Amino acid sequence: MSKSVNGFSKLNKLEKIDWLVSRFLNNDQKLKQVLLQYWNSNEILQNLHDDFIENTLTNFYLPFGVAPNFVINEKKYTIPMVIEESSVVAAASLVSKFWSTRGGFKANVISTVKIGQVHFMYEGDKTELENYFNSKKENLYKVTEAITKNMRKRGGGILTIKLRDKTAELENYYQLHVTFETADSMGANFINSCLEVIAKEFQKEDIQIVMSILSNYVPECLVHAEVSCIVEDLYAENSIELAQKFVQAIQIANAEPHRAVTHNKGIMNGVDAVVIATGNDFRAIEAGVHAFAARSGKYKSLTNASIENGIFKFWIDIPLAVGTVGGLTSLHPLSKLSLQLLGNPSAIELMEIIAVAGLAQNFAALRALTTAGIQKGHMKMHLTNIIKQLGASEKEKKFLIDYFEHKTITHNAVVEAYNKLVQEK
Ligand code: MEV
């Protein structure tokens, strides 16, 4: 049976599943059932999800949880998080509570400018190109007016269009570097539509347009979040030594990219979870954040900490191009609900919330790493996953959780305890 197919997208969902199961899954009907069991019984809802992408077969669940007790700029939030890693929501919840009694988080957006570029090749005289650009510039704004009309009403639109000479990097390469304000939308479609119209207007015989696309590198779409307290309030004992270790952990991330990547990955545990819950594009965020972390030419920590005059301060600066209107935000019922849960924030407020979620995760990770280590808490959370993998009953699960209350949890230890329990039955 051929494993290639023509016109797959034209098949209906069941036909697609049957084709897949027969060609790639040994016609195992149990596996077909696995796919079918995730269909939503509400046909309208299922159709909505089917239409998000091409060739949808079923739904892929991820847990949707919440971390309560966040205080950001003196406002209380319960933050929705979508993530599979067992310890992330627990960590966020612990940290939110901790800082809620120490003044909460403070956050502010530094700027919200987004970028798009028309990349083109030009072999001619540079001054002629500059003159051409200057003669065209007004028109480049004009031709986008129909597209930018609604955005301008919401306070957004095109901010600047600049000609950039990139020939030092690549022979004959120039670009139109365009900056945008996209109000409460992430603005990808808006930016790309503007760019394509601009490119068409700008094109002429000796200008070869290569492509027109937004940039996910958004160092000017930046948010700052921080916490601070007197050092003695940080730990039950040895506050000064432990706070210093905390600061050293960040210095190490700044000195050593291997550590910085893991350090920032922990931050993204919090960031991505909220980005996904609110229907935003986590790949765009990831790409932009890591480029920002490497902006000095060396990959470094997104967070920083200081101890000055007895005050511990911990902060993050992170680029986040997110939206609260458009895209999936209002289409996915759970994203819509997430935004409602957050009080229908503006894009600016959502940037602040997401930055705080990232900072909170990093706080939890560094506090654990520089004291007891993370495995104790991590394995405690992971214990239920191991128990489930073993196929334990609810009664056995309860027994094993009690059994490991004060014991070191390792995969082997849990398997051994489970096997012993089954044998003793
Ligand atoms: C695990 O998902 C994240 C951490 O490794 C982050 C860190 O090491 O800072 C705990």
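Note that the coordinates shown come from a computational prediction; the quantities given were computed from them, not determined experimentally. By convention here, the first residue in the shown sequence is residue 1.
- Nearest heavy-atom pair, Ile83 versus Ala273, reported as atom, atom and distance to 0.1 Å: CB-CB, 4.0 Å.
- The backbone N or O of Ala199 sits nowhere less than 3.5 Å from a side-chain atom of Ser212 that would complete a donor-acceptor pair.
- Between the side chain of Asn280 and the backbone N or O of Gly323, at least one donor-acceptor pair lies under 3.5 Å.
- For the residue pair Thr278 / Ser338, no side-chain donor-acceptor distance below 3.5 Å is found, with atom types taken as modelled.
- Taking CZ of Phe70 as the start and OG of Ser93 as the end, the distance is 7.0 Å to the nearest 0.5 Å.
- The closest donor-acceptor contact from the side chain of Asn238 to the backbone of Glu241 lies at 3.5 Å or more, if one exists at all.
- Counting heavy atoms from C-beta outward, Val356 and Val274 have side chains that stay 4.5 Å or more apart.
- Inter-residue side-chain proximity for Glu352 and Ser346 is flagged as unmet; no heavy-atom pair is nearer than 4.5 Å.
- In this structure, Asn59 contributes its side chain and Tyr61 its backbone to no donor-acceptor pair below 3.5 Å.
- A donor-acceptor pair is defined here as one N or O able to donate and one able to accept, closer than 3.5 Å; no such pair exists between the side chain of Ser301 and the backbone of Asn254.
- Annotation for Glu171: atom CD does not count as buried by contact number, only 12 or fewer foreign heavy atoms lying within 6.0 Å.
- The two atoms that bring Leu400 and Leu383 nearest to each other are O-CD2, 4.3 Å, heavy atoms only.
- Between Trp19 and Phe24, the ring center distance clears the sub-6.0 Å criterion.
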- Begin from the C-alpha positions of Thr324 and Leu342 and carry the test side chain to side chain contact (heavy atoms under 4.5 Å, CB included) through to its verdict. CA-CA 11 Å; Thr324 53; Leu342 294 171; over 6 Å; no
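- Here the side chains of Glu349 and Tyr77 are in contact, with some heavy-atom distance below 4.5 Å.
- No side-chain donor-acceptor contact under 3.5 Å links Arg102 to the backbone of Trp99.
- For the residue pair Phe190 and Ile147, the shortest heavy atom distance occurs at CE1-O, 3.7 Å.
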- Message: side chain to side chain donor-acceptor pair (under 3.5 Å), that's the test. Do Asp317 and His224 meet it? Break it down for me.
- Response: CA-CA 5 Å; Asp317 290 296; His224 171 91; 2.8 Å; yes
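- Here the side chain of Asn362 pairs no donor or acceptor atom with the backbone of Ile267 at under 3.5 angstrom.
- Under 3.5 Å, the side chains of Asp165 and Thr167 contain a donor-acceptor pair of N or O atoms.
- The line from CG of Asn69 to OG1 of Thr78 is 7.0 Å long, rounded to the nearest 0.5 Å.
- Remark: of the listed residues Thr58, Asp50, Leu45, Leu45 is the sole one forming a side chain to side chain contact (heavy atoms under 4.5 Å, CB included) with Asn40.
- Between Thr371 and Leu242, the closest side-chain pair of non-hydrogen atoms falls below 4.5 Å.
- For the pair Leu214/Asn192, a side-chain contact is recorded, criterion being any heavy-atom separation below 4.5 Å from C-beta on.
- Remark: the His263 side chain and the Thr303 side chain contain an N/O donor-acceptor pair separated by less than 3.5 Å.
- At least one test fails for Lys136 against the ring of Tyr132: distance under 6.0 Å to the centre or angle within 45° of the axis.
- Within the 3.5 Å criterion, the main-chain N or O of Val88 finds a donor-acceptor partner in the side chain of Gln361.
- Aromatic ring pairs are classed by plane angle as parallel below 30°, tilted from 30° to 60° and perpendicular above 60°; the pair Phe363 and Phe246 is tilted.
- Annotation: side chain of Glu286 is not in contact with side chain of Asn216 (no heavy-atom distance under 4.5 Å).
- Just one residue in the list Leu341, Leu337, Ile276 forms a side chain to side chain contact (heavy atoms under 4.5 Å, CB included) with Pro80, and that residue is Leu341.
- For the residue pair Ile250 and Phe314, the shortest heavy atom distance occurs at CD1-CE1, 3.7 Å.
- For residues 83-92, the pairs satisfying side-chain hydrogen bond (donor to acceptor under 3.5 Å, both in side chains) are Glu85-Lys265, Ser87-His378, with sequence neighbours left out.
- Residues Arg367 and Leu234 form no side-chain contact, since every pair of their non-hydrogen atoms from C-beta on lies 4.5 Å or further apart.
- A distance-only check finds a donor-acceptor pair linking the side chain of Glu256 to the backbone of His258 [under 3.5 Å].
- Between Leu35 and Leu31 the shortest side-chain heavy-atom distance does not fall below 4.5 Å.
- One N or O on the side chain of Trp39 and one on the backbone of Leu57 form a donor-acceptor pair closer than 3.5 Å.
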